[in-house]
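Written below as structure tokens is the structure these notes are about.
Numbers here simply count residues along the sequence, with the first being 1. All values below come from the heavy atoms of this structure, side chains included, with hydrogens, waters and symmetry mates left out.
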Amino acid sequence: MTAFNWNQAYPTVRMPIFGRNVVATSHPLAAQAGLRMIWKGGNAVDAAIATAAAKTLTEPCSNGLGSDAFCILWDGERLHGLNASGPAPAAWTPEYFTRKHGGARTPPMRGWDSVTVPGAVAAWAALSERFGRLPFADLMEPAIEIAERGYLAPIVVQQKWAAAAALPSLAGQPGFAETFLPRGRAPEVGERVTIPHAARTLRAIAETKGRAFYEGEIAQAIARHAAAHGGAMTVADLAAFTPEWVEPLAKDYRGYTLHEIPPNGQGIAAQIALGILENFDLASLPVDGPDAQHIQIEAMKLAFADTYRYVADPSGMGVSPEAMLDPAYLATRAKLIDRTKAQDFGAGNPVRGGTIYLTTADSSGMMVSFIQSNYMGFGSGIVVPEWGISMQNRGHGFSLDPASPNVVAPGKRPFHTIIPGFLTQGGTPVMSFGVMGGNMQPQGHVQTLVRMIDHGQNPQAACDAPRWRVADGLSVNTESTMPAATVQSLVERGHHLEVINDSYQDFGAGQFIWRMGDPAEDGYVAASDPRRDGQAVVC
């Protein structure tokens, strides 16, 4: 589908960018880092790794060297998925947390007892080993330069940084203030930011193709820091980790196929929602009208009900993803939607039937959808200071309820929110895309795909359009640009609606690369989301 409506329906300062080699992410220096690899003779995978490394510096309030990551890539012939979410340390059991934290329902939100094995660096190494063209050390060069020479704090990043600095739960964590508040505060907008200790880590990663992070001097420093501050992470935990190559889950929707990484992530929620929406003629409804928005909101709530009930590490799931995506089952779920009334849905029974995103593409046809995250802003708040490594807090995503499929266990991966997306048609690649922002991610996938596939909106219009976000129960947030008549009608149907003026924190942001014919002869259209200073750079 290339016959988009190019009449921009929403106020915007952006137009899609056209090129044969494309890098799109939320900071221009990171996008340039990726494109430098293309200019050096590298491919889309080389570009993605260099961009991801740079993003650990330009947006540390969302990701870092201690992040997890996921990737879906088209190698020119087929799709591949990579799950680089790390597992729980060997010492983690429900009894471990009960002994240390009493009757908590989940592991803590901050500190070492929220940190699972970081997977992002291993993801870079695995992608480079299998698909990269340039020497791995070359890919770290732009990030090392940024760490040492610095960059100017952008508006959105500074807002998030300042908000995090005000939280005692973060500022008091070991290494946090030393690394991220060196002046006793967050940087001001336009102030120069350097993270020199991270350059040391990046050099060691470059020299060892990431092995130093999991087996060498960095691993030893991480384990020492954990031991000194009450954590359970050991060198053995780090050394045992290997990212997992997986077959992406596929779900058809109106002649296209949406691909997501299978559980332990929430990508299946977007696929469930689309499977439910396929039972409705959305194209016949006004794109920003209340009927279309209401049906999508209800479908998303149904999808989350099943996702939160059943999705976990596959070792703990009692329901298969295939059962959750069964068309007959989703048709029965669709029948629960009342077009006149909002509802609070429970889970069905299918047994019977703080994040950055980037995408790259090159003229050979390779396309990469990559996402990397610390989870809640600066994650655990833990920073190994002499190395500049900020750690994610994905362990907080575990349950301590023995009956939960997501109950913590040694070597088990927690429920994950970050999800790269990919769209194909008839077995050929169409779009590499993703959205940042917690549980907004599958909601953003659904809303942009419906706008592009059902309503023919071009990628930039689908980025710029007003969004809603399902919260809890009947609560829904909407952007202030949602038509007033639509907001009023949704309220009348029983939605507990809150209109949000600050889109940065609540409604995600993403990048989209749409393939236009043969990349060598034609190219790609790239759109970036203005909610997060998005950038697309082409050559």
Side-chain angles (χ1 to χ4, degrees), residues 64 66-68 83-120 164 167-176 214 219 221-241 263-266 307-318 347 354-355 373-384 389-418 438-439 472:
S67 285
D68 280 351
N83 182 332
S85 60
W92 279 17
T93 63
E95 293 75 24
Y96 170 90
F97 289 98
T98 299
R99 185 171 64 251
K100 294 188 67 176
H101 303 285
R105 301 177 62 182
T106 67
M109 184 184 299
R110 311 292 185 190
W112 267 111
D113 279 345
S114 69
V115 183
T116 53
V117 175
L167 298 173
S169 63
L170 274 177
Q173 294 299 332
F176 181 83
Y214 296 95
I222 291 171
R224 283 196 304 270
H225 194 272
H229 299 284
M233 186 80 67
T234 67
V235 171
D237 292 322
L238 293 160
F241 175 66
N264 53 312
Q266 67 171 342
T307 299
Y308 294 152
R309 169 63 181 84
Y310 297 114
V311 170
D313 188 278
S315 65
M317 288 180 63
T355 301
S373 175
N374 266 359
Y375 192 22
M376 295 179 174
F378 281 97
S380 65
I382 293 292
V383 184
V384 184
I389 301 170
S390 64
M391 293 290 189
Q392 37 83 335
N393 62 332
R394 284 293 170 184
H396 181 62
F398 278 120
S399 171
L400 299 181
D401 179 358
S404 169
N406 196 40
V407 64
V408 69
K412 185 177 181 180
R413 296 172 299 193
F415 177 87
H416 249 272
T417 57
I418 58 174
N439 77 345
D472 297 318

task: Give a yes or no answer on whether the side chain of Gln266 reaches the backbone of Thr417 with a donor-acceptor pair at less than 3.5 Å.
output: yes

Residue from Asn393, Leu400, Thr116 passing side chain to side chain contact (heavy atoms under 4.5 Å, CB included) with Pro107: Leu400

Listed partners of Trp92 passing side chain to side chain donor-acceptor pair (under 3.5 Å), at least two apart: none

query: Between Pro174 and Ile382, what is the shortest heavy-atom contact and its length?
result: CD-CD1, 3.5 Å

- request: Could you tell me which residues satisfy side chain to side chain donor-acceptor pair (under 3.5 Å) with His101, sequence neighbours excluded, listed by chain and number?
  value: Asp113

task: Taking all non-hydrogen atoms of both residues into account, name the closest pair between Val311 and Gly265 and its distance.
output: CG1-O, 3.5 Å

- prompt: Looking at CZ of Arg394 and OG of Ser373, how far apart are the two atoms once the value is rounded to the nearest 0.5 Å?
  reply: 4.5 Å

- line: In short, Gly111 meets Gln173 closest at the heavy-atom pair CA-OE1, 3.4 Å

- prompt: Could you state the interatomic distance from CG (Asn374) to CE (Met376), rounded to the nearest 0.5 Å?
  reply: 12.0 Å

Heavy-atom side-chain proximity of Pro314 to Arg413 below 4.5 angstrom: yes

- prompt: If every non-hydrogen atom of Asn264 is compared with every non-hydrogen atom of Ser85, which pair is closest and at what distance?
  reply: ND2-OG, 3.3 Å

Euclidean distance, Asp68 CG relative to Met391 CE, rounded to 0.5 Å: 10.5 Å

- request: May I ask you to test the Pro108-Phe97 pair for a side-chain heavy-atom distance under 4.5 Å?
  value: yes

query: When rounded to the nearest 0.5 angstrom, what is the spacing between OH in Tyr214 and CD1 in Ile222?
result: 8.0 Å

message: Which heavy atom of Gly379 sits nearest to which heavy atom of Leu170, and what is that distance?
response: O-CD2, 3.9 Å

field: ring-ring contact (aromatic ring centres under 6.0 Å, His included) against His225, all qualifying residues, sequence neighbours excluded
entry: Trp112, His229

Nearest heavy-atom neighbours spanning Asp313 and Lys412: CB-CG, 3.8 Å

query: How many angstroms lie between atom CG of Asn406 and atom CG of Asp401, to the nearest 0.5 angstrom?
result: 10.5 Å

- request: Just do the side-chain contact (heavy atoms from CB on, under 4.5 Å) check on His416 and Asn83 with the steps written out, would you?
  value: CA-CA 11 Å; His416 249 272; Asn83 182 332; over 6 Å; no

- request: Quick one: pull up CZ in Arg105 and OG in Ser404 and give me the separation to the nearest 0.5 Å.
  value: 10.5 Å

